[in-house]
Every structure is written in structure tokens, then in C-alpha cells.
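Everything numeric in this text was worked out from a predicted model, so none of it was measured.
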Amino acid sequence: MYAVTLCGICRRARIIDRSSKQTTCPYCNGTEKTSQMTVYFESNDQSKARDALAQLEGFESPDEKAKKKKIEKADPYSTMVYKYEHASDLDEKMMILAKELTRIKGTFTIDDVREIVGDKHAEQYVSAMLDRCYISEIRIGQYKG
Ligand SMILES: [Zn+2]
């Protein structure tokens, strides 16, 4: 039986073989009785124990992976929102919206604009962008920069 455990002396995670009575930590050389160690995961399959160890150490935990992916995916959008929020004037804000929304979504709707500028100003923004030819209405309600 393989078990994932923490060394009682240096607190580092490692895999031990529960069939032996005692185990020596490869990090600190401390010897402990396997029966007295706290077991976090146990399996006959050494590769499963290794996976559990990796998670305990924080490497490649599935949660972290999913988080990273989410950030990557959300990134062009949050970059746009950041640029928008830090633009110095209205004209620049509109240009950012027109360019970035088109780049991210292909075409966009007033709802997409609303998500960024808020309910109050969405219509104003869209009509001002149309006036300045930053965007054009390629189908009813569908805009493109
Ligand atoms: Zn140790």
C-alpha cells in the first residue's frame, strides 16, 4: 500500500510504503514509524499516489489548471475593459470598444456594449460610434468596427 503523507519533522509531502514498519525521510533523514504518520491518500497504485502527492504539493492541481485556462480565455476581454477604463477621453474609449469588440466577437450587439459601459450609456455609445463611423451596422442590431 502506498500512502501520501507529510514528514512529521520537516513537513514535506512524500510517498511512503505502508508495508514497511518505518520510513526515513529523504529530505531531512528523520525516521518515523509508518503506523504513526498521518495519511492523506492511500492506494495500491503507485501512480495514483504520485498524482495525489502532486496535488498536495500544489503542482498541476486540476483546479489551478482550470483557473489558468479561464484567465487565458478571459484575457482579451479584460484587457479591453482595462484599456477602456484607462482611456483618457470619450473618443479613445469608443475607438477601443469598436476595435476590440470586433476583434474578440466578430460582430457585436448593444448588449455587449452595455456590459462594458453600463445600461445608461450603451445607446449613446453605439449611436456616437455610428456617427463617427467607428462602427457600421452590418445587420439590424449587429455592429462591426
Ligand atoms: Zn522530513
> Below 4.0 angstrom, N of the basic side chain to O of the carboxylate: do Lys48 and Asp51 qualify?
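Looking at Lys48 and Asp51, the cut-off is not met.
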> Same cluster or not: are Leu101 and Ile104 linked, directly or through other Ile, Leu, Val, Met, Phe, Trp or Tyr residues, by side-chain heavy atoms under 4.5 angstrom apart?
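Linked, Leu101 and Ile104 end up in one cluster.
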> Using a 4.5 Å cut-off on heavy atoms from C-beta on, say whether the side chain of Tyr125 contacts that of Leu90.
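Sidechains of Tyr125 and Leu90: in contact.
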> Determine whether Pro76 and Glu100 make a side-chain contact, defined as any pair of heavy atoms from C-beta on separated by less than 4.5 Å.
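Result no, sub-4.5 Å side-chain heavy-atom pair not found.
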> Hey, does the side chain of Lys144 reach the backbone of Ser136 with a donor-acceptor pair shorter than 3.5 angstrom?
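No: the side chain of Lys144 does not pair with the backbone of Ser136.
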> Side-chain contact test, heavy atoms from C-beta onward, threshold under 4.5 Å: evaluate it for Arg114 versus Ile110 and give yes or no.
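SC-SC contact between Arg114 and Ile110 confirmed.
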> Evaluate the side-chain proximity of Glu115 to Phe108: yes if any heavy-atom separation is below 4.5 Å, no if none is.
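Not touching, per the 4.5 Å side-chain cut-off.
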> Please examine the side chains of Met1 and Asn44, heavy atoms only from C-beta on, and report whether any two atoms are closer than 4.5 Å.
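Of all side-chain heavy-atom pairs linking Met1 with Asn44, at least one is under 4.5 Å.
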> Under 4.5 Å between side-chain heavy atoms, counting indirect links through other Ile/Leu/Val/Met/Phe/Trp/Tyr residues: same cluster for Leu53 and Val39 or not?
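Shared cluster, no.
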> One pair to check against side-chain contact (heavy atoms from CB on, under 4.5 Å): Gln22 and Thr34. What are the steps and the verdict?
CA-CA 5 Å; Gln22 60 174 34; Thr34 54; 5.5 Å; no
> Report yes if the side chains of Tyr143 and Val113 come closer than 4.5 Å at any heavy-atom pair, otherwise no.
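No, their side chains stay 4.5 Å or more apart.
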> Measure the shortest side-chain to side-chain distance between Ile116 and Met80 over non-hydrogen atoms and say whether it is less than 4.5 angstrom.
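They are in side-chain contact.
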> With heavy-atom distances below 4.5 Å as the criterion, would you say the side chains of Asp91 and Arg132 are in contact?
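Asp91 reaches Arg132 side chain to side chain.
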> Just to verify, which of Ile16, Asp17, Thr5 counts as forming a side-chain contact (heavy atoms from CB on, under 4.5 Å) with Thr23?
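Filter result, single survivor: Ile16.
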